[in-house]
There are 2 protein chains.
Amino acid sequence: MGQAAGKAPGMTAEMADEVEGGAATLSEQAYRLMRRDIVDGLLAPNQPLRFEFLKDRYGFSFSPLREALAQLQSERLVVATAQRGYRVADVSLDEMWDAINTRVLIETQALREAIVHGDDDWEGAIVSAYHALSRSRARHAGTATDEAAMEEVERRHRVFHRSLIGACRSRWLLDLSALLYTQTERYRRPLLAKMRADISRDREIDDHHKEIMDATLIRDAATATDLLAAHLRRTGNYIERIQG
Amino acid sequence: MGQAAGKAPGMTAEMADEVEGGAATLSEQAYRLMRRDIVDGLLAPNQPLRFEFLKDRYGFSFSPLREALAQLQSERLVVATAQRGYRVADVSLDEMWDAINTRVLIETQALREAIVHGDDDWEGAIVSAYHALSRSRARHAGTATDEAAMEEVERRHRVFHRSLIGACRSRWLLDLSALLYTQTERYRRPLLAKMRADISRDREIDDHHKEIMDATLIRDAATATDLLAAHLRRTGNYIERIQG
DNA sequence: AGGCAACTGATTTTCGAAAATCTTCTGACC
DNA sequence: GGTCAGAAGATTTTCGAAAATCAGTTGCCT
């Protein structure tokens, strides 16, 4: 069972489900679990990652854990210090904005290229992803306490964003997009419950998604990329406001 | 001895010398050595990386080797297949152009930001780096057989390019620039001897570096970034021509 | 001749102990 | 009380053997 599909930096746990049934090594499993927990804030920024603690938490012995940490290190989700182990990489508003702005740079370029190359299937995937997301959001509107519902919305949210750039032919742009998505999720996901409880904002988000989609489908690259950039930055502003 | 300075993705072996005297773990050493050998083409594209082979070659036992490979995997220099080990990531002209174009996207943005934020020290670093590179190139012009001389030129080449974006305040752009630099070096370094023996081209390169520097120093971002993009793509064209 | 199962050898991955290193505590000295 | 050296305990990293898996070969059956 190859890992080529599973090894793009920043690949989400959802996308990894396709190979979950395959023979993922223990280190691969550890990598995914830890990455998820870092992104969700369950492993806190700057938290030391002691091996006995990780062994208790995840049930893996040290070697797979170390391999997973080596990968997470290269993705800047953990920081290694020789002889003194690993800790979760810190977060900050500066880092958040750096990640957002870099993500804007990458994803607007990926969107531009998708708009150039996209075909009917690509358009269909966008429409379908938007539809699923929108319905899911509406069905669970204001439901800020149902974990499974929120996970479903998040999964569809991810699929929607990914579908926009689905026709981009640059492997590097797609990989970096996924990497930066993960980084920015570290700021957004811990605030999910609060954001989802904000009904008017939730409605706004849906509108923004639709505007991005519409501009994309009529192949208006300038408008689509502007809307995407604004959407990403608006989330940053919201997070900044909440964090104080 | 912290590894924060040593862990930026794609950091070159030269920059790592600053921490070489520190207590680098065996896995860190393995990572650096293997990365260098992959970039230099000594570990060939698509070559399986057998652990006994690596143990013989580098003198490390399996655990540090595995950790190093995990890092290289996240940097797309090796490909992992569950239960079947690792192999060096393949190269292709398509991949080269993807890496070059993505590098152009990242580095032109980094240069734009450096031009906005750069101060006298930054300018001084550029001038000094250009001077050192140019002198080194002239001193070793046409010397395509002296390894040490070529390494010196390459080191200075790297320092020059890095100095251009030295005043960029985005950690992400700097890290991604280093990562993409490493990727594109996989195509350039194996052809170094041939390129350095091409005297007229070598003189041209020097001229291009100067033009980029001059535009940067007068803060003409549009010209500087155009020249940088053209420089990077010209190298791609040269490689494409040689490879057939 | 082709297909399949079992076996053998090669290779990868994991395990846990040993070695190495760091951190904290204790006791002696000023 | 403060400082320093040594000891003890905690933690990390590495090692190499065992367990797990893969790849190739052999033998049997149709």
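Remember, predicted model here, so these are calculated numbers, not experimental data. Chain A is the first sequence line, chain B the second, and so forth, proteins listed ahead of strands; every chain is numbered from 1.
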| query | Between A/Y187 and A/E95, is a side-chain hydrogen bond (donor to acceptor under 3.5 Å, both in side chains) present by the stated rule, with each step listed? | reply | CA-CA 10 Å; A/Y187 299 94; A/E95 206 281 332; 2.5 Å; yes
| request: Check step by step if salt bridge (charged side-chain N to carboxylate O under 4.0 Å, His left out) holds for B/E185 and B/R36. | output: CA-CA 10 Å; B/E185 283 293 272; B/R36 184 202 60 193; over 6 Å; no
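Counting only residues at least two apart or in different chains, salt bridge (Lys or Arg N to Asp or Glu O under 4.0 Å) contacts with residues 45-60 of chain B comprise B/D37-B/R57.
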| remark: With B for base contact, S for sugar-phosphate-only contact and - for none (protein heavy atoms under 4.0 Å), nucleotides 5-20 of chain D reads ------SBBBBB----
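B/L65 has its side chain within reach of B/M34: a pair of non-hydrogen atoms, C-beta onward, lies under 4.5 Å apart.
Because its NZ or CZ atom is both nearer than 6.0 Å to the ring centre of A/Y181 and within 45° of the ring axis, A/R158 counts as a cation-pi partner of that residue.
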